[in-house]
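Down below is the structure, laid out as structure tokens.
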Amino acid sequence: DGEESVLSKGYQHLAGDQVRALLRFRKGYATADLGRIQVQRAVMKAAMEQWLSPAHLVGAVKAVSLLENSSLSSLSTGNYLWVAKTLLLGMSDFRSDTLPGYADYRNKVSYYILEPEKVLELLNESYNPFRTSIPAGNLNIAG
């Protein structure tokens with residue numbers, strides 16, 4: 001539509017078009033795309049808190065069905081429900097990280113280069129639910 005939404009500073013209720021514009025905005029962040037990712041995380045956390053509230057759980061079955069039909073994943077309905085339950089019970093502990101790496105400019109294209117050793121360390125320390133560490137051989141990061 002060509003119109004840019006102007007948002008005020010601070011917490012506010014956003015309509016769908018405003019959320020889309022906020023999620024796509026990238027020009028004004030000092031850290032460019034990494035700043036945008038921080039905003040996207042904040043929006044996702046706020047959305048999850050709303051979606052996972054008891055008042056909205058009635059729609060969980062529809063949401064799981066939508067996820068299963070719209071994603072490239074081998075997760076089962078039970079897996080999705082476990083994730084939803086875990087998020088609902090632990091929303092105050094919700095965490096997301098940017099995988100360790102650095103920005104680089106190659107052949108006139110901007111890239112974010114992952115550092116495999118640090119990625120593996122983060123996965124094992126913060127996200128691995130098992131008692132056994134994920135071995136480096138199971139990590140597949142394209143270079």
Side-chain angles (χ1 to χ4, degrees), residues 1-53 56-57 59-143:
D1 57 23
E3 287 186 38
E4 287 191 34
S5 297
V6 177
L7 300 177
S8 303
K9 192 175 188 177
Y11 291 102
Q12 56 200 287
H13 181 85
L14 302 178
D17 287 343
Q18 291 172 307
V19 172
R20 184 184 66 220
L22 177 64
L23 294 175
R24 295 180 72 192
F25 178 77
R26 67 171 39 154
K27 295 178 189 173
Y29 302 114
T31 55
D33 279 338
L34 296 177
R36 181 171 75 154
I37 290 168
Q38 290 175 328
V39 169
Q40 290 170 343
R41 284 186 184 140
V43 169
M44 285 306 299
K45 183 174 182 180
M48 294 293 277
E49 287 171 347
Q50 289 179 22
W51 297 334
L52 295 174
S53 69
H56 290 95
L57 284 181
V61 174
K62 280 186 178 179
V64 168
S65 176
L66 179 65
L67 275 172
E68 287 179 322
N69 295 325
S70 303
S71 63
L72 300 174
S73 172
S74 60
L75 293 176
S76 67
T77 299
N79 294 142
Y80 282 117
L81 291 174
W82 179 86
V83 169
K85 182 183 92 173
T86 301
L87 289 172
L88 178 62
L89 296 176
M91 202 60 215
S92 63
D93 296 331
F94 179 80
R95 172 183 173 171
S96 70
D97 290 290
T98 299
L99 292 177
Y102 57 93
D104 198 9
Y105 199 70
R106 300 177 179 181
N107 298 322
K108 300 182 181 181
V109 177
S110 179
Y111 290 93
Y112 187 75
I113 310 300
L114 296 177
E115 297 176 286
E117 303 83 21
K118 291 181 181 178
V119 169
L120 188 60
E121 182 179 323
L122 174 66
L123 290 175
N124 280 317
E125 288 180 5
S126 302
Y127 293 98
N128 183 355
F130 305 107
R131 294 178 190 208
T132 305
S133 292
I134 299 167
N138 287 6
L139 191 62
N140 184 6
I141 296 178

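Just so it is clear, the model here is predicted, and its values are computed rather than measured.
Of the inter-residue distances, the one linking Lys118 atom NZ with Glu125 atom CD reads 12.5 Å to the nearest 0.5 angstrom.
Leu99 pairs by the side-chain contact (heavy atoms from CB on, under 4.5 Å) definition with Leu114, Val119, Leu122, not counting sequence neighbours. Remark: Asp104 pairs with Arg106 by the side-chain hydrogen bond (donor to acceptor under 3.5 Å, both in side chains) rule, at least two apart or across chains. Asn107 is linked by a side-chain contact (heavy atoms from CB on, under 4.5 Å) to nothing, counting only residues two or more places apart in sequence or in another chain. Looking at residues two or more places apart in sequence or on another chain, you find a side-chain hydrogen bond (donor to acceptor under 3.5 Å, both in side chains) between Ser126 and Arg95. With sequence neighbours excluded, no residue forms a side-chain hydrogen bond (donor to acceptor under 3.5 Å, both in side chains) with Tyr111. Applying the side-chain contact (heavy atoms from CB on, under 4.5 Å) criterion to Asn128, with sequence neighbours excluded, gives Asn124, Phe130, Ile134. Remark: Thr98 pairs with Leu34, Ile37, Arg41, Tyr112 by the side-chain contact (heavy atoms from CB on, under 4.5 Å) rule, at least two apart or across chains.
Closest non-hydrogen pair, Arg36 versus Arg24, comes out as NH1-O, 3.5 Å.
Without hydrogens or angle criteria, Gln12 side chain to Gly10 main chain gives a donor-acceptor distance under 3.5 Å.
Looking at Val39 and Phe25, their side chains never come closer than 4.5 Å, going by heavy atoms from C-beta outward.
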